[in-house]
Amino acid sequence: MIRTHDAGTLRASDAGTTVTLAGWVARRRDHGGVIFVDLRDASGVVQVVFREEDAHALRNEFCVLVVGEVNARPEGNANPELATGEIEVVASQLTVLSEAAPLPLPVDDTITASDDLRLKYRYLDLRRSGPANALRLRSRANQIAREVLHARDFNEIETPTLTRSTPEGARDFLVPVRLQPGTWYALPQSPQLFKQLLMVAGMERYYQIARCYRDEDFRADRQPEFTQLDIEMSFVTQDDIIALGEEIVSRLWSELAGYQVQLPIPRITWTDAMNRYGSDKPDLRYGVELNELTSYLKGTEFRVFAGAIAAGGYVGAVVMPGGASQTRKELDGWQDWAKARGARGLAYVVLDAETGEPRGPVAKNLSAEHLSGLADAVGAKPGDAIFFAAATERREAQELLGAARIEIAKRSGLIDESAWAFCWVVDAPMFEKTDEGGWTAVHHPFTSPNAEWLDRFEEAPDQALAYAYDIVVNGNEIGGGSVRIHRADVQSRVFDLLGISPEEAQDKFGFLLEAFKYGPPPHAGIALGWDRTCMLLSGNESIREVIAFPKTRGGYDPLTTAPTPITAQQRLEAGIDAKPKPTGVTPGTDGQAVPVERSN
RNA sequence: GGUCCUGUGGAGCAGUUGGAGUGCUCGCCGCCCUGUCAAGGCGGAGGUCGCGGGUUCAAGUCCCGUCAGGACCGCCA
């Protein structure tokens, strides 16, 4: 080491010690005869005092080596804002290790730059304490997860990132294969199939901090490559996985957020979550629950509601406390808000703050009877606003109300930003209808029906429930998992229902079905969205903050300028333009890579 | 694929009714300064208002297109 001490660790007890420090010039205050330099390294900042002219040439972010003596600061000059504020280092020797050009963005905790500039100069951005601490927190989170899992005899096992697609639904990133032109690897969307194979292999307890790839549009909480803490166990039930998830989460929150999670974390069924909150990831930091009015409003002549009721649909409402005081413009704004999410509008009734009398466009369409009991039916008080949604598809109307509920909480300031509200959402449905009238797996096709539905999910696919569970905090899904199917007969029945032919199943994941011939153990698992978890733990609002070198929304990396075009030579070698050769072999059945025309 | 917001010296912003590239804070360069800690004082440099077109006597400002960034919907666990 070329230094003897870390700058941020020096304290009054070090007074009198001669130290050698190395770091960056965070700030300089040049008084002519005396020059103060805040020297920053990974441990923090300390004030260095120069009385020699040579420090005059120092500029921000010069990398320097300083020899000096730790002194208590003169009376009245301590800085209580700094951990090192009681002392300073009086420099006797200065070496400039490297100079810094004028900075393209300020390296300063009090100043923010635009996102793309921060990403282009991410290495400067990360010299700031906030961004740096987010990465350090993530490192700690990794360590905590490993501690918990190794204490329980888990094995950390790496699975391939050049593989074939896992059938999770999203678009794959593809990699051309030089040795077999016209064939392609897919980057994994998750290690799902490999971890199940590891269960067949008898590893029993697997985990991996796994990089996953999905070629879909990005968001503040979505990047093309992301990380999950991926876990799988054999010979366990749903409750075992939930207990494990709770231990990890409670350790993370207690050590990194200073919050003691109350265990066990409450569970809510998927159906209850939809009925009460209009979401499968409900934010439980506030109330404002949905109220179903399908039977209450039976017989109404208001066409929007009557139509939904007649079609066996759903009518419901959510109350905005104090919402009656909104201006006409604000109330109209809700219509635009609803239309922006693809709804026709958001019907509303406001209750007069004095009399409680219902008013508004919809009130004119409701009978006196329906109006008189409305406030009680939805639990509204005078001065409140009531928003309605109606649809033939129950879920569609509930999701609109659920989104309105969140918007109400935001606009009315109902959210306690310091709160952590955890829940498990359990008993998720197995299947949902596709636009084509078939069925698709809500989770993935290896999710097991629960005991009640195992033998008869075909009877009512829309009602069949899975051993699937998501962990939710403050309206963010931070993890999800399921008990997997380990019986070949159940798996083929699920494929049947999903309209996956035996040939197609064989083509897509024949290797897994083959493995399941050889005594697969019952197994279950969970994956925690690691970026999102670290984002929440660090109090950030974008996962980019907990990723060292993230990409922008367009999948662009301003730092390396990736992605880039390739040369003609690379293109030729990669075999990108090779035409798939016709072949007599059924793809994927004999362990031999053969050209395959991809279905998506 | 859709809706919305943003783009002005190196950074962050303001820029009124369309009237000269105007302003603010920080940074940068020079000088002064021995106790500051977001140091202070004086002086200075730095601009094709993202790009292209249009309207107009006149465009940073209005219109169209386009590029980049961001938020949301679709999509995506």
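Each chain gets a letter, A, B and so on, in the order its sequence line appears, and its residues count up from 1.
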Classify the ring geometry of A:Y469 against A:W424: parallel below 30°, tilted from 30° to 60°, perpendicular beyond 60°.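 Perpendicular: the ring planes of A:Y469 and A:W424 meet at over 60°.
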
For the residue pair A:F446 and A:H444, does the interplanar ring angle fall in the parallel (under 30°), tilted (30 to 60°) or perpendicular (over 60°) class?
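Correct class here is tilted.
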
Considering only nitrogen or oxygen atoms on both sides, find all protein atoms under 3.5 Å from nucleotides 4-6 of chain B and state each distance.
none

Applying side-chain hydrogen bond (donor to acceptor under 3.5 Å, both in side chains), can you list everything that pairs with [X], at least two apart in sequence or on another chain?
X: A:S279; value: none
X: A:R395; value: A:E399, A:E432
X: A:R122; value: A:D125

Within residues 123-130 of chain A: residues closer than 4.0 Å to RNA chain B (heavy atoms)
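Per residue number, the list is empty: none.
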
For A:K120 and B:rA68, give me the distance from atom NZ to atom P, rounded to whole Å.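 Taking atom P of B:rA68 as the reference, NZ of A:K120 is at 15 Å.
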
Between C1' of B:rU36 and CG of A:L82, the distance in whole Å =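 Nearest whole value for this atom pair: 12 Å.
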
Does A:N77 put a side-chain nitrogen or oxygen below 4.0 Å from OP1 or OP2 of B:rU36?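 So the side chain of A:N77 is within the cut-off, an N or O lying under 4.0 Å from OP1 or OP2 of B:rU36.
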
Got a list of protein N/O to nucleotides 39-46 of chain B N/O distances below 3.5 Å?
from: B:rA39; atom 1: OP1; to: A:R27; atom 2: NE; distance (Å): 3.4
from: B:rA39; atom 1: OP2; to: A:R27; atom 2: NE; distance (Å): 3.2
from: B:rA39; atom 1: OP2; to: A:R29; atom 2: NH1; distance (Å): 3.2
from: B:rA39; atom 1: N6; to: A:D30; atom 2: O; distance (Å): 2.6

For A:F457, ring-ring contact (aromatic ring centres under 6.0 Å, His included) partners two or more places apart
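Counting only residues at least two positions away or on another chain, A:F457 forms a ring-ring contact (aromatic ring centres under 6.0 Å, His included) with A:F431.
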
Next on the checklist: For A:F422, give me all partners under ring-ring contact (aromatic ring centres under 6.0 Å, His included), at least two apart in sequence or on another chain.
Outcome noted: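 Applying ring-ring contact (aromatic ring centres under 6.0 Å, His included) to A:F422 gives A:W253.
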
Quick test of your reading: applying ring pair (Phe, Tyr, Trp, His ring centres under 6.0 Å), list the pairs with at least one residue in residues 29-79 of chain A, sequence neighbours left out, ordered by first then second residue.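 Residue pairs with at least one partner in residues 29-79 of chain A: A:H31-A:F36.
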
Can you tell me which residue pairs pass the salt bridge (Lys or Arg N to Asp or Glu O under 4.0 Å) test with a partner in residues 67-76 of chain A, sequence neighbours excluded?
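Passing the test, one end in residues 67-76 of chain A: no pairs.
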
Q.
Test: salt bridge (Lys or Arg N to Asp or Glu O under 4.0 Å). Region: residues 53-65 of chain A. Which pairs qualify, not counting sequence neighbours?
A.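 Found A:R40-A:E61, A:E61-A:R127.
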
Donor-acceptor pair present, A:E88 side chain and B:rG35 base, under 3.5 Å: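 Indeed, a donor on one side and an acceptor on the other fall under 3.5 Å apart.
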
Practice task
Please state whether the base of B:rC37 and the side chain of A:N79 form at least one donor-acceptor pair under 3.5 Å?
Solution key: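 Such a pair is found, so the answer is yes.
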
Every protein N/O within reach of nucleotides 10-12 of chain B N/O, cut-off under 3.5 Å:
from: B:rG10; atom 1: O2'; to: A:P104; atom 2: O; distance (Å): 3.0
from: B:rG12; atom 1: OP1; to: A:S114; atom 2: N; distance (Å): 3.0
from: B:rG12; atom 1: OP1; to: A:S114; atom 2: OG; distance (Å): 3.4

